[in-house]
S.K.: 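I'd like to ask some things about the structure below.
Basis for what follows: all heavy atoms, side chains included, without hydrogens, waters or symmetry-related copies. All residue numbers refer to positions in the sequence shown, counting from 1.
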Amino acid sequence: MLNVLKIREKLRNFYIEDNHYGDLASGIFDNDAGGTATLFAKSDGIFCGGLIIEEGFNLVDQKISVELLFDDGTEIRKGDEIARIHGNVRSILTSERFVLNMVQRMSGIATMTKKLNDIIADTDATVTDTRKTTPGLGEFEKYAVTTGGGKNHRRTLNDGIMLKDNHISFMGSMTRAVERARAIQGPMDKIEVEIEDDLMLEEAIRNKVDIIMFDNCSPEWIKAHIGKVPEAIRTEASGGITEDTLRAYAESGVDYISVGALFHQQQALDFSLKVVY
């Protein structure tokens, strides 16, 4: 779930970035001019961002009334009316762009997540995101993934101990890295290691880590080697996985498939705000 206080702070910064000199165009309206605008969908997908609409339009004017017509996670169609915004014209117009930018991006991520989930719905694998979020937008993007039915991998650096190739290289060996990780591990912290070949896989198994990530391994290679992994150890596939290759990875037998493309290759869902006459 989104932290409302943190979201308000972020939205305030987005507003200031866009409007720190004032909105010249909206200055053509009288201070007390009122009106109604409708936010509607211009493409099909999964809606995400109801809180952003409510908090964004109320940021500078708490008298604005926002009527949401869809819940987050709901499938929407082109032409659907998503929300009605009533109140001061200047306040509506100055908040419009940053609100739409966020809702479009979040809904795009939710839509792509749902699409990937549908591809592997009949398998035992789970789609997760990665930490390849846009700086400053991580909590919005992570929330969008869960809205689309996916799972968050790590939200921040302290969600588990992820030992990647560089951690292992700097430490000198995987075994040494795992030993040091166990010295700082809390009771709820899982240890995950990246592996890329047979020797690394065997070392990870010997060290009894919690999760083994098959990084940049083909689904065929994973399928041929995953039988060596004890049942107590969870498995993950990662590295350049796309919509076209997702099914093959799900059928390789891994528990989780992390997809960075959810953040860096998704297409924003199109919305528009129009005046109601």
S.K.: Taking D270's backbone N and O only, do any of them form a donor-acceptor pair with S43's side chain (distance below 3.5 Å, no angle check)?
M.R.: yes

S.K.: Which atom names give the shortest non-hydrogen contact between G239 and N216, and what distance separates them?
M.R.: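 Minimum heavy-atom contact is CA-OD1, 3.5 Å.
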
S.K.: Using salt bridge (charged side-chain N to carboxylate O under 4.0 Å, His left out), reason through K228 and D198 one step at a time and then give a plain yes or no.
M.R.: CA-CA 10 Å; K228 301 176 184 177; D198 294 74; 3.5 Å; yes

S.K.: How about T242 and D244: does a side-chain donor come under 3.5 Å of a side-chain acceptor?
M.R.: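 T242 vs D244: no donor-acceptor pair found between side chains.
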
S.K.: Look only at the side chain of S169 and the backbone of N166, and say whether a donor-acceptor pair between them is shorter than 3.5 Å.
M.R.: no

S.K.: Closest approach of A125 and I257, non-hydrogen atoms and distance?
M.R.: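 Result for this residue pair: CB-CD1, 3.9 Å.
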
S.K.: Would a hydrophobic clustering, with Ile, Leu, Val, Met, Phe, Trp and Tyr connected at side-chain separations under 4.5 Å, put I109 with F70?
M.R.: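 No, because I109 and F70 fall into different hydrophobic clusters, even though each may have its own neighbours under 4.5 Å.
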
S.K.: Does atom CG of D124 have more than 12 heavy-atom neighbours, drawn from other residues, nucleotides or ligands, at distances under 6.0 Å?
M.R.: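 Open.
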
S.K.: Side chains of M213 and I195: does their closest heavy-atom pair fall under 4.5 Å?
M.R.: no

S.K.: Give a yes or no on whether the backbone of N58 and the side-chain of K63 come within a donor-acceptor separation of less than 3.5 Å.
M.R.: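 A pair under 3.5 Å: no.
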
S.K.: Output the distance between atom NE2 (H167) and atom CZ (R180), rounded to the nearest 0.5 Å.
M.R.: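 Rounded to the nearest 0.5 Å, the NE2-CZ separation comes out at 12.5 Å.
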
S.K.: So, R105 versus N101: side-chain donor-acceptor pair below 3.5 Å or not?
M.R.: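 Side-chain D/A pair, R105 to N101: absent.
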
S.K.: Do the side chains of I85 and V275 join up, straight or via other hydrophobic residues, at under 4.5 Å, putting them in one cluster?
M.R.: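 Different clusters: I85 never reaches V275 through Ile, Leu, Val, Met, Phe, Trp or Tyr contacts under 4.5 Å.
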
S.K.: Can you tell me how far CZ of F57 sits from CG of L11, rounded to the nearest 0.5 angstrom?
M.R.: 11.0 Å

S.K.: Take E179 and R176, measure what salt bridge (charged side-chain N to carboxylate O under 4.0 Å, His left out) needs, and give me the verdict at the end.
M.R.: CA-CA 5 Å; E179 288 174 352; R176 181 62 174 152; 3.7 Å; yes

S.K.: Does G73 offer a backbone N or O that forms a donor-acceptor pair with the side chain of T147 under 3.5 Å?
M.R.: no

S.K.: Let's go through L59 and F98 carefully: what are the C-alpha distance in whole Å and the side-chain angles of both, what is the deciding distance for side-chain contact (heavy atoms from CB on, under 4.5 Å) to 0.1 Å, and is it a yes or a no?
M.R.: CA-CA 12 Å; L59 182 66; F98 81 90; 4.1 Å; yes

S.K.: When rounded to the nearest 0.5 angstrom, what is the spacing between OG in S95 and CD1 in I64?
M.R.: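 Here the interatomic distance stands at 5.5 Å.
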
S.K.: How about T94 and D23: does a side-chain donor come under 3.5 Å of a side-chain acceptor?
M.R.: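 Result is no, nothing qualifies.
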
S.K.: Between R234 and E192, is a side-chain contact (heavy atoms from CB on, under 4.5 Å) present by the stated rule, with each step listed?
M.R.: CA-CA 9 Å; R234 301 292 87 192; E192 179 171 7; over 6 Å; no

S.K.: If we only count heavy atoms from C-beta on, is the I191 to Q185 side-chain gap below 4.5 Å?
M.R.: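 A side-chain contact under 4.5 Å exists here.
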
S.K.: Any chain of hydrophobic side-chain contacts (each under 4.5 Å) joining V209 to I184?
M.R.: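 Hydrophobic grouping puts V209 with I184.
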
S.K.: Honestly curious: do L68 and L39 fall in one hydrophobic cluster under the side-chain, below-4.5 Å linking rule?
M.R.: yes

S.K.: Measuring from atom CG of L199 to atom CE of M174, what distance do you get when rounded to the nearest 0.5 angstrom?
M.R.: 9.5 Å

S.K.: Search all heavy atoms of E67 against all heavy atoms of H86 and return the closest pair with its distance.
M.R.: OE1-NE2, 4.0 Å

S.K.: Give a yes or no on whether V99 and I92 share a hydrophobic cluster (residues Ile, Leu, Val, Met, Phe, Trp, Tyr; joining criterion: side-chain heavy atoms under 4.5 Å apart).
M.R.: yes

S.K.: Identify the heavy atoms of I46 and T111 that sit nearest to each other, and give their distance.
M.R.: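 So the two residues come closest at N-OG1, 2.8 Å.
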
S.K.: Could you walk me through whether K114 and E75 satisfy the salt bridge (charged side-chain N to carboxylate O under 4.0 Å, His left out) test, starting with their C-alpha distance in whole Å, then the side-chain angles of each, then the deciding distance to 0.1 Å, before giving a yes or no?
M.R.: CA-CA 10 Å; K114 175 63 163 58; E75 187 172 347; 5.5 Å; no

S.K.: Could you walk me through whether D72 and Y143 satisfy the side-chain contact (heavy atoms from CB on, under 4.5 Å) test, starting with their C-alpha distance in whole Å, then the side-chain angles of each, then the deciding distance to 0.1 Å, before giving a yes or no?
M.R.: CA-CA 10 Å; D72 285 357; Y143 172 75; 2.6 Å; yes

S.K.: Is the closest side-chain heavy-atom distance between H153 and E236 below 4.5 Å?
M.R.: yes

S.K.: Look at the aromatic rings of F140 and F14 and report parallel, tilted or perpendicular, splitting at 30° and 60°.
M.R.: tilted

S.K.: Determine whether V229 and F214 make a side-chain contact, defined as any pair of heavy atoms from C-beta on separated by less than 4.5 Å.
M.R.: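 Of all side-chain heavy-atom pairs linking F214 with V229, at least one is under 4.5 Å.
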
S.K.: Quick check on N158: does its CG atom have over 12 non-hydrogen neighbours (other residues, nucleotides or ligands) under 6.0 Å away?
M.R.: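 Count over threshold, so yes.
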
S.K.: Quick one: CD1 on I233 to NZ on K190, what's the gap to the nearest 0.5 Å?
M.R.: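 So the CD1 of I233 and the NZ of K190 are separated by 11.5 Å.
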
S.K.: Would you check if L262 and L116 make a side-chain contact, meaning some heavy-atom pair closer than 4.5 Å?
M.R.: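 Yes, side chains in contact.
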
S.K.: Should F271 and L269 count as side-chain neighbours, where that means a heavy-atom distance under 4.5 Å?
M.R.: yes

S.K.: Evaluate D129 against E141 for side-chain contact (heavy atoms from CB on, under 4.5 Å), listing each step before the verdict.
M.R.: CA-CA 9 Å; D129 54 30; E141 294 173 339; over 6 Å; no

S.K.: Kindly indicate whether the side chain of R90, heavy atoms from C-beta on, has any atom under 4.5 Å from the side chain of V60.
M.R.: no

S.K.: For K10 and G136, indicate whether the former's side chain and the latter's backbone hold a donor-acceptor pair under 3.5 Å.
M.R.: yes

S.K.: Could you pull out the closest heavy-atom pair between E194 and D165, with the gap in Å?
M.R.: OE1-N, 3.2 Å

S.K.: Do you see a donor-acceptor pair shorter than 3.5 Å between the side chains of E203 and T175?
M.R.: yes

S.K.: Would you confirm whether N88, through its side chain, and N31, through its main-chain N or O, come within 3.5 Å as a donor-acceptor pair?
M.R.: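 Yes; at least one donor-acceptor contact below 3.5 Å.
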
S.K.: Show the nearest heavy-atom pair for residues G50 and F47, with the distance to one decimal.
M.R.: N-CZ, 3.6 Å

S.K.: Can you check whether R206 reaches E202 side chain to side chain, under 4.5 Å on heavy atoms?
M.R.: yes

S.K.: What is the distance from atom CG of N152 to atom OG of S258, rounded to the nearest 0.5 Å?
M.R.: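 Taking CG in N152 and OG in S258, the distance rounds to 12.5 Å.
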
S.K.: Is a side-chain donor or acceptor of D30 paired with a backbone partner of D32 at a separation under 3.5 angstrom?
M.R.: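 Not a single qualifying donor-acceptor pair exists.
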
S.K.: Look at the side chain of N117 and the backbone N and O of G149, then say whether any donor-acceptor pair between them is shorter than 3.5 Å.
M.R.: yes

